[in-house]
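Contents: one structure, followed by commentary.
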Amino acid sequence: MIRLIKNKLLKNNLYKIKNKNVILRVDFNIDLQKERLISKYRLNAAKDTIQKLTQIAKKIIIISHLENKKIKSFKKIIPLIEKFFKQKIIFCNSLNKDAIQKIKNKIVFIENIRLWPGEKSNELKFAKQIKELGDVFVNEAFSVSHRRHSSIYWLPKLMPTFYGLNFEKEIKLLNAILKQKKIILILGGAKISTKLPLIKKFLQRKASVILGGGLANTVWKAYGINVGKSLIEKYVLSDIKKIKSERLILPTDFYVLNNKKIFYRRLNEIRNKDIILDIGNESLNLIKRKLLDNKHYIVWNGPLGYVENKQFQNGTLQLTNLLIKLTKENKNIVVGGGDTIAFLENNRLIKKFKNISTGGGAMLYYLAFERLAFKI
Ligand code: ADP
Ligand code: MG
């Protein structure tokens, strides 16, 4: 578990930033739908820090990555980000110190950092180039902090570094989970491989682990059940076969697609051409009873079905509604994951949750290994 050190937190060190040129790393890996911003929660996560820095810093040089099949550059998105923060932001497609200093605006936004060679390949030389742009570094990008990328991994080793207001909150949120004895972990999504370390660790720690989506398909397949043509991950099957725990809870009924028609199937009825795309009601009821039953901390990451298609949203939506109800009853619930949050945003339900972790990969990594790509 990472212990946050006071003199590394932005909150306690604002005076060290006064009138300084601050390099601010954020995760604005956002998306557009019909020219409108989605994944606003990523902007929200940096809101407090940007507000504070605007009051005290001399200049804020924002760097972020954008990993999007359709949009490669921040240029066209900047007006939308400006609107969100209600601040003037100048886009800059250069890492030249003088060019940036010449810009007469408080906030300068550097082009997609992953477009430069050196960021993803984690080159020290590249971080040294970024370092020249400012006096201090603030990391407000928890969601990429498990990655060994140059601006994340090297920059804090090269200059005075502080961790942002939301970064601090996220670590505290996840530390609270790690301190709990009674946990129910609900994991869905496509791939089990990235979630295996976490599943194993939490089963060992006596947590209940409920699986859905492609993860459950893969486990059933490993146990020798026919899952037809459902999404699975082949190369982890032998590894999964070894996991046997009565606290590992798997769905036993499903909605499947077969020849373009939807059918309800129980576990042993699945046919060779079936594709499992959503969880069935019996399994959902079992999960509901489990969640209502006790005083556990609940952690949820990953949709329970193929939620991109409305016809297969039912399971995830029912789980969401139950978790909202439990949130109102003050139960501790932490939700995370890119696609999970996108689902909540699309259904306008995200504001109903109190504890959201912006990091999908970072959240899983931190919960499993209790560290990030760098030492704080
Ligand atoms: P997150 O980003 O929230 O961590 P993942 O990236 O692990 O979640 O997984 C999300 C993806 O899993 C979604 O695209 C969803 O459609 C897919 N998925 C979930 N269940 C199934 C299923 N039964 N078959 C195919 N895809 C599924
Ligand atoms: Mg995802």
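Just follow the structure's listing: the first ligand is 1, and inside any ligand the first atom is 1. For this chain, numbers begin at 1 and follow the sequence in order.
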* Can you figure out which of Gly360, Gly305, Gly338, Gly337 has its heavy atom closest to atom 18 (N) of ligand 1? => Gly305

* Asked: For atom 1 (P) of ligand 1, what is the nearest protein heavy atom, given as residue, atom name and distance?
  -> Asp339 N, 3.6 Å

* Structure fact -> the protein heavy atom lying closest to atom 23 (N) of ligand 1 turns out to be Ile276 O, 3.1 Å

May I ask you to check whether [X] and [Y] place their ring centers less than 6.0 Å from one another?
X: Phe109; Y: Phe74; value: yes
X: Phe167; Y: Phe142; value: yes
X: Tyr255; Y: Tyr264; value: yes
X: Phe374; Y: Tyr163; value: yes

* Within reach of ligand 1, part of Lys195 (heavy-atom separation under 4.0 Å) -> side chain

Ligand-side contact atoms (ligand 1) for residue partner [X], heavy atom cut-off under 4.0 Å:
X: Val307; answer: 16 (O)
X: Leu277; answer: 23 (N), 24 (N)
X: Thr340; answer: 1 (P), 3 (O)
X: Gly214; answer: 20 (N), 21 (C)
X: Asn301; answer: 4 (O)

Evaluate [X] for polar contact with ligand 1, using N/O atom pairs at a separation under 3.5 Å.
X: Gly213; value: no
X: Glu308; value: yes
X: Leu231; value: no

* Structure fact -> The N/O/S atom of Asp339 lying closest to the Mg ion (ligand 2) is OD2

* To do: Determine whether the side chains of Glu170 and Ser357 contain a donor N or O and an acceptor N or O closer than 3.5 Å.
  =>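 Result is yes, a qualifying pair exists.
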
* Does a side chain donor of either Ser283 or Asp253 reach within less than 3.5 Å of an acceptor in the other side chain? -> yes

* More than 12 non-hydrogen atoms from neighbouring residues, nucleotides or ligands closer than 6.0 Å to NZ on Lys169, yes or no? ->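 Check fails, neighbour count at 12 or below.
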
* **Over all atoms of both residues, closest heavy-atom pair of Asn301 and Lys195** => OD1-NZ, 3.1 Å

* To do: Tell me, please, whether Phe84 has Lys47 positioned over its six-membered ring: NZ or CZ under 6.0 Å from the ring centre and within 45 degrees of its axis?
  =>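 Because its charged atom sits under 6.0 Å from the ring centre and within 45° of the axis, Lys47 does stack over Phe84.
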
